[in-house]
There are 2 protein chains.
Amino acid sequence: MDKVHAGRNLTQQLVHTLGAAIVQGDYPIGGGLPSEAELCEEHQISRSATREAVKMLTAKGLLASRPRQGIRVQSKTNWNMFDPDVLEWVLKGTLTLNLLKEFLQLRLAIEPEASALAAENQNLELISRISLALKRMKAADAGLDDSLEADIEFHMSILMASDNPFYQQLRNFIDTALRVSIRFTNRIKGVQTADYSAHKDVYDAIVLGDTEAARSASRHLQSEALELIKNEMDK
Amino acid sequence: MDKVHAGRNLTQQLVHTLGAAIVQGDYPIGGGLPSEAELCEEHQISRSATREAVKMLTAKGLLASRPRQGIRVQSKTNWNMFDPDVLEWVLKGTLTLNLLKEFLQLRLAIEPEASALAAENQNLELISRISLALKRMKAADAGLDDSLEADIEFHMSILMASDNPFYQQLRNFIDTALRVSIRFTNRIKGVQTADYSAHKDVYDAIVLGDTEAARSASRHLQSEALELIKNEMDK
DNA sequence: ATAAGCTATATATATGATAAAAAAACAAAC
DNA sequence: GTTTGTTTTTTTATCATATATATAGCTTAT
């Protein structure tokens with residue numbers, strides 16, 4: 001069995017194989033994929049499984065199919081970039097400094113506002129999770145915990161504390177992106193441990209209920225990372 | 001033929017019927033849907049069509065299915081809220097002032113930053129589209145164009161001008177949400193025509209390349225709408 | 001009591017046949 | 001010669017049925 005797809009059923013295997021291939025540009029946008037029958041041939045699976053995979057990719061905005069016209073790759077503007085699968089394919093397939101920059105430009109919008117909401121709402125239970133994540137970061141500095149996991153946990157708990165389902169839904173999105181892009185950012189500079197105090201600033205502002213300070217501390221944290229990438233791109 | 005679903009094939013009809021029903025809470029979260037076979041019975045369609053619909057809803061994060069366990073509704077945190085279909089079902093099915101507030105809290109993060117990026121990038125071709133939308137808004141004030149369409153076009157063109165694929169991808173999302181929620185916001189106060197000058201402020205700052213002014217003008221525009229909702233909720 | 005094995009039942013997969021849709025080729029009318 | 005209407009053809013869409021596989025719950029051996 002294909003180790004990459006272990007644990008998945010045939011349909012899901014094909015979804016991931018095709019999804020990654022499409023995003024990587026193996027099939028021309030607007031142009032056609034192999035026909036249903038040819039896909040069965042190529043991948044040696046039944047029409048049911050093939051059709052179900054195509055339908056799932058259609059649901060994610062990557063494909064469209066019509067009789068006589070075949071299966072076509074949709075234009076990029078139709079791709080559900082916020083679908084964790086699609087995002088993962090995009091990041092793994094075409095990760096560049098420029099894409100990383102664009103991702104950070106989005107976080108620069110999201111996280112400061114989420115922090116501000118967290119400060120405003122004062123949901124103590126959700127805020128305590130931020131505190132725990134911060135402790136994990138400190139422990140990671142001392143080599144007692146995983147730095148990446150602690151960092152992710154911190155940012156996830158902020159999104160949760162916003163108490164807004166739209167921000168909360170972005171957890172999967174940011175989680176996926178952080179995991180994929182971390183090797184990139186870490187390679188550039190000693191990012192992982194240097195910014196504990198910057199993270200603490202965000203937490204402190206949230207605990208105090210200082211909306212404006214939370215927004216600004218979080219913005220500071222994000223824009224530093226963004227500047228790092230921009231500098232790297234200028235080289 | 002069911003007029004609501006005209007023009008769609010059977011699979012897509014079932015996707016929308018089930019999607020709307022799930023989001024509205026017709027089926028218990030975590031609990032089960034009718035079995036595959038029962039769904040065929042109920043909707044009088046074949047297993048292929050039924051399975052393909054279930055797979056599409058699975059791709060959107062609403063369902064999960066396993067042998068012997070059946071088809072289950074996923075918890076809300078797994079729903080791809082940024083999928084235009086899901087968003088439409090959520091907004092149409094459960095639109096409340098609170099949900100509208102949460103949506104505006106997200107726009108408050110996105111649009112100011114998109115405006116800032118637009119000002120920074122100075123992509124003249126994309127910026128000219130904002131100008132056209134603004135002209136349409138003015139025309140709409142004089143009854144010569146559709147107010148809602150012009151307003152949507154304005155906000156879409158700003159997202160495009162950000163020149164960032166993640167922001168651009170939010171076009172579908174914000175487009176859907178604006179269309180559904182407009183009857184709500186219009187009902188509250190004379191929102192539609194009053195804010196031409198506020199929109200123009202955003203455009204002017206972008207044209208001048210004044211990043212900070214663009215952010216702040218856009219933020220002002222969004223937060224006014226948010227305050228309106230909050231006041232309404234306090235009544 | 002616990003773990004290995006069995007059973008029942010749901011989805012997963014395979015395959016054949018038919019329907020419907022739409023592009024392309026063709027024919028007719030003007 | 002261009003337009004308009006019709007037929008052809010190809011592809012997906014749908015249906016029906018058979019088989020495989022996975023798993024929750026039960027059974028049984030130890």
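Sequence lines set the chain letters: A, B, ... in the order given, protein chains first and strands last, and positions in each chain run from 1.
In this structure, A/E52 and A/Q69 both approach DNA chain C, and ranking their closest nucleotides by distance from the 5' end singles out A/E52.
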- prompt: Can B/V207 and B/I127 be said to form a side-chain contact (heavy atoms from CB on, under 4.5 Å), step by step?
  reply: CA-CA 7 Å; B/V207 165; B/I127 288 177; 4.0 Å; yes
message: If you apply the rule side-chain contact (heavy atoms from CB on, under 4.5 Å), what do you find for A/F82 with A/Q169, and how did you get there?
response: CA-CA 9 Å; A/F82 292 89; A/Q169 166 65 29; over 6 Å; no
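Among the nucleotides D/dT14, C/dT13, C/dT11, the one closest to the side chain of A/T11 is C/dT13. Comparing D/dT9, D/dT12, C/dT11 by their nearest atom to the side chain of A/R68 picks out D/dT9. Out of C/dA21, C/dA10, C/dT13, the shortest distance to the side chain of B/P67 is found at C/dA10.
A side chain to side chain contact (heavy atoms under 4.5 Å, CB included) with B/D151 holds for exactly one of B/R136, B/H199, B/M156; it is B/H199.
The distance from atom CD of A/E36 to atom P of C/dT18 is 18 Å, rounded to the nearest whole Å. Taking atom CZ of residue A/R8 and atom C1' of nucleotide D/dA22, one finds them 18 Å apart after rounding to whole Å. Nucleotide D/dA16 holds its C1' atom 14 Å from the CD1 atom of B/I45, rounded to whole Å. Atom CZ of B/R47 and atom P of C/dT15 are 15 Å apart (whole Å).
A sub-4.0 Å separation between OP1 or OP2 of D/dA24 and a side-chain N or O of B/R66 is present. Between B/S46 and D/dC15, a side-chain N or O to OP1/OP2 separation shorter than 4.0 Å is present. Residue A/K55 places no side-chain N or O under 4.0 Å from the OP1 or OP2 atom of D/dT12. The phosphate of D/dA13 has OP1 or OP2 within less than 4.0 Å of a side-chain N or O from A/S65. Residue A/R51 has a polar side-chain atom (N or O) positioned under 4.0 Å from OP1 or OP2 of D/dA13.
Ring pair B/H16/B/W89 is perpendicular by interplanar angle, where above 60° counts as perpendicular and below 30° as parallel.
The base of C/dA14 sits with one of its N or O atoms less than 3.5 Å from a complementary donor or acceptor on the side chain of A/S48.
At a threshold of 4.5 Å between non-hydrogen side-chain atoms, the residues B/L39 and B/I71 count as touching.
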